[in-house]
Number of protein chains: 2
Amino acid sequence: MSNLANRIEEYLKMVLQQADEGYIVLQRGFLANFFSCAPSQINYVLTTRFSAERGYLVESRRGGGGYLRIVRLGLDPEGKFQRLMAELIGEELSPERANNLLTRLEEEEIFTKRETILIRSIFTSKVLAETSSAPDILRARMMKEILANMCREDVNI
Amino acid sequence: MSNLANRIEEYLKMVLQQADEGYIVLQRGFLANFFSCAPSQINYVLTTRFSAERGYLVESRRGGGGYLRIVRLGLDPEGKFQRLMAELIGEELSPERANNLLTRLEEEEIFTKRETILIRSIFTSKVLAETSSAPDILRARMMKEILANMCREDVNI
DNA sequence: GACATTGTGACCATTATTGACCTTTGTTAT
DNA sequence: ATAACAAAGGTCAATAATGGTCACAATGTC
């Protein structure tokens with residue numbers, strides 16, 4: 001399980017941890033060199049591991065003095081949570097996107113580890129695919145339903 | 001009675017014995033090579049010997065850095081889970097029965113309050129009825145999937 | 001011989017890695 | 001100014017590295 005992509009991911013998250021502004025700025029070339037890999041490998045890691053679903057934003061700039069900026073997006077407490085989630089989920093939710101989302105919700109401590117395992121066990125099993133003709137839609141609706149019922153004052157973690 | 005499947009089974013259980021996290025992670029290719037057999041033979045062993053009914057859970061990932069993770073399920077004291085799972089095989093689970101079951105499991109502290117709310121929010125919502133042609137069967141299978149996963153030794157309540 | 005279990009191989013699906021080629025931005029020589 | 005060049009980052013398709021499925025062959029069991 002310790003492939004390059006995972007190691008780069010870990011490294012970036014480690015650096016991000018220690019950054020107190022909530023973001024880091026670095027160069028693709030430096031990273032590629034550091035990990036002795038193709039520069040495009042960095043893009044692969046960014047798109048697969050630092051997506052919006054997982055709670056990250058990546059900005060970049062080309063040319064001389066170019067850079068990558070990786071921003072960790074917190075879930076704001078201003079009550080926009082439900083809307084943000086609804087937007088992120090949409091009408092359909094593939095197993096992969098669901099996974100990303102759950103990874104983030106666990107990291108943000110919206111759900112416990114057990115709860116994410118519980119949800120994943122339903123979402124990723126063959127059960128849905130075998131029983132439903134539109135598993136992605138079902139998944140999206142269930143996820144929204146869960147969030148609506150769990151993120152209330154009377155249901156504390 | 002020492003055929004290949006049995007030897008692979010024994011080997012895996014032996015390794016699993018010594019793992020104190022309650023699970024092991026390894027590669028299918030490695031195993032197939034180790035036992036000089038077709039890779040698909042490993043899948044055969046996993047499905048016939050490491051099913052949820054027998055107290056195991058298998059997760060996997062494809063692609064570079066792919067792996068198999070075999071999780072040992074702890075047996076709860078009175079084998080409640082096992083009996084429940086057996087009951088739910090090929091069964092249907094109406095909203096009412098699901099409700100009663102969840103109330104009981106919460107009282108017995110198998111699930112937390114939040115967890116039952118979570119499960120109920122999926123089971124009792126209109127989502128299932130609207131999207132599936134056989135909601136009771138779907139409910140039963142989901143419940144079974146959940147129960148199996150909640151026995152994982154690496155996830156404490 | 002009939003039936004169940006085990007074993008294999010061909011083909012498929014998913015994830016990771018690389019390299020060739022492209023775009024944008026900055027610097028320098030004229 | 002501007003043309004050339006240097007110094008970034010971006011895209012995409014090919015390939016490699018995994019694991020999954022399924023039909024069928026081989027072997028056991030009664």
Side-chain angles (χ1 to χ4, degrees), chain A residues 1-12 23-54 56-71 94-100 103 120 123-130 135-136, chain B residues 1-13 23-54 56-71:
Chain A
M1 219 238 286
S2 191
N3 52 31
L4 228 196
N6 287 336
R7 277 187 287 127
I8 297 175
E9 176 189 4
E10 258 180 59
Y11 172 77
L12 290 176
Y23 66 84
I24 54 177
V25 178
L26 32 66
Q27 292 198 300
R28 188 180 74 153
F30 163 79
L31 269 181
N33 186 58
F34 189 70
F35 285 100
S36 306
C37 66
S40 52
Q41 175 73 353
I42 306 302
N43 297 81
Y44 176 71
V45 173
L46 291 179
T47 53
T48 56
R49 318 291 215 264
F50 294 86
S51 61
E53 278 136 22
R54 288 167 98 119
Y56 298 92
L57 181 66
V58 179
E59 302 168 71
S60 66
R61 199 182 153 95
R62 307 185 183 189
Y67 60 86
L68 299 173
R69 182 208 299 276
I70 307 177
V71 186
S94 70
E96 295 76 25
R97 290 209 307 126
N99 236 323
N100 289 335
T103 300
R120 276 204 179 91
F123 280 10
T124 68
S125 74
K126 281 177 289 190
V127 178
L128 275 195
E130 280 171 4
D136 287 1
Chain B
M1 202 34 168
S2 190
N3 55 30
L4 227 195
N6 287 334
R7 275 188 289 128
I8 296 175
E9 177 189 5
E10 262 178 53
Y11 172 77
L12 289 176
K13 288 188 172 168
Y23 66 83
I24 54 177
V25 178
L26 31 67
Q27 293 197 301
R28 187 179 75 152
F30 164 79
L31 270 181
N33 186 59
F34 190 70
F35 286 99
S36 306
C37 66
S40 53
Q41 176 70 359
I42 306 302
N43 296 81
Y44 175 69
V45 173
L46 292 179
T47 52
T48 56
R49 321 289 216 264
F50 293 86
S51 61
E53 284 82 7
R54 293 179 177 239
Y56 299 90
L57 224 57
V58 179
E59 298 168 354
S60 67
R61 195 177 159 94
R62 305 184 185 189
Y67 60 86
L68 300 173
R69 181 207 303 274
I70 307 178
V71 185

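Side chains included, hydrogens not; waters and symmetry mates left out as well; all remaining heavy atoms used. Keep in mind the model is a prediction, meaning the values are calculated, not measured. In what follows, chains are A, B, ... by sequence order, proteins preceding strands, each numbered from 1.
Rounded to an integer number of Å, the gap from CG of L26(A) to C1' of dG9(D) is 13 Å. Atom CG in L4(A) sits about 9 Å away from atom C1' in dA16(C), given to the nearest Å. Atom CG in N3(B) sits roughly 11 Å away from atom P in dT8(C) (whole-Å rounding). Here the C1' atom of nucleotide dA8(D) and the CD atom of Q27(A) are 7 Å apart, to the nearest Å. Atom CZ of F50(A) is separated from atom P of dG10(D) by 14 Å (rounded to the nearest Å). If you take CG of L31(B) and P of dT8(C), they are 14 Å apart, rounded to a whole angstrom. If you measure from atom CG of N6(B) to atom P of dT29(D), you get 10 Å, rounded to the nearest angstrom. One atom, CZ of R28(A), and another, P of dT18(C), lie 13 Å apart when rounded to the nearest Å.
Side-chain contact of R49(A) with T103(A): a donor-acceptor pair under 3.5 Å is absent, judged by distance alone.
Contact between V71(B) and Y23(B) at its shortest, heavy atoms only, is CA-CB, 3.8 Å.
Mapping A5(A) and A5(B) onto DNA chain C via the closest heavy atom, the residue that lands nearer the 5' end is A5(B).
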Trace of the side-chain contact (heavy atoms from CB on, under 4.5 Å) decision for S2(A) with R7(A): CA-CA 7 Å; S2(A) 191; R7(A) 277 187 287 127; 3.9 Å; yes
Full working for side-chain contact (heavy atoms from CB on, under 4.5 Å) between I24(A) and L26(A): CA-CA 7 Å; I24(A) 54 177; L26(A) 32 66; 4.2 Å; yes
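Within residues 39-48 of chain A, the residues having any heavy atom under 4.0 Å from DNA chain C are, by residue number, S40(A), Q41(A), Y44(A).
For the pair R61(B) and Y67(B), the NZ or CZ position fails the cation-pi test of under 6.0 Å to the six-membered ring centre and within 45 degrees of the ring normal.
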Base versus backbone protein contacts along nucleotides 23-30 of chain C [heavy-atom cut-off under 4.0 Å; B, S, -]: BBBS----
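Applying the salt bridge (charged side-chain N to carboxylate O under 4.0 Å, His left out) test to every pair with at least one member in residues 23-33 of chain B, sequence neighbours left out, gives no pairs at all.
In terms of phosphate contacts, R49(A) brings a side-chain nitrogen or oxygen within less than 4.0 Å of OP1 or OP2 of dA16(C).
Remark: L12(A) CG to L31(A) CG distance equals 5.5 Å, nearest 0.5 Å.
Aromatic ring orientation, F35(A) versus Y11(A): perpendicular (interplanar angle above 60°, classes split at 30° and 60°).
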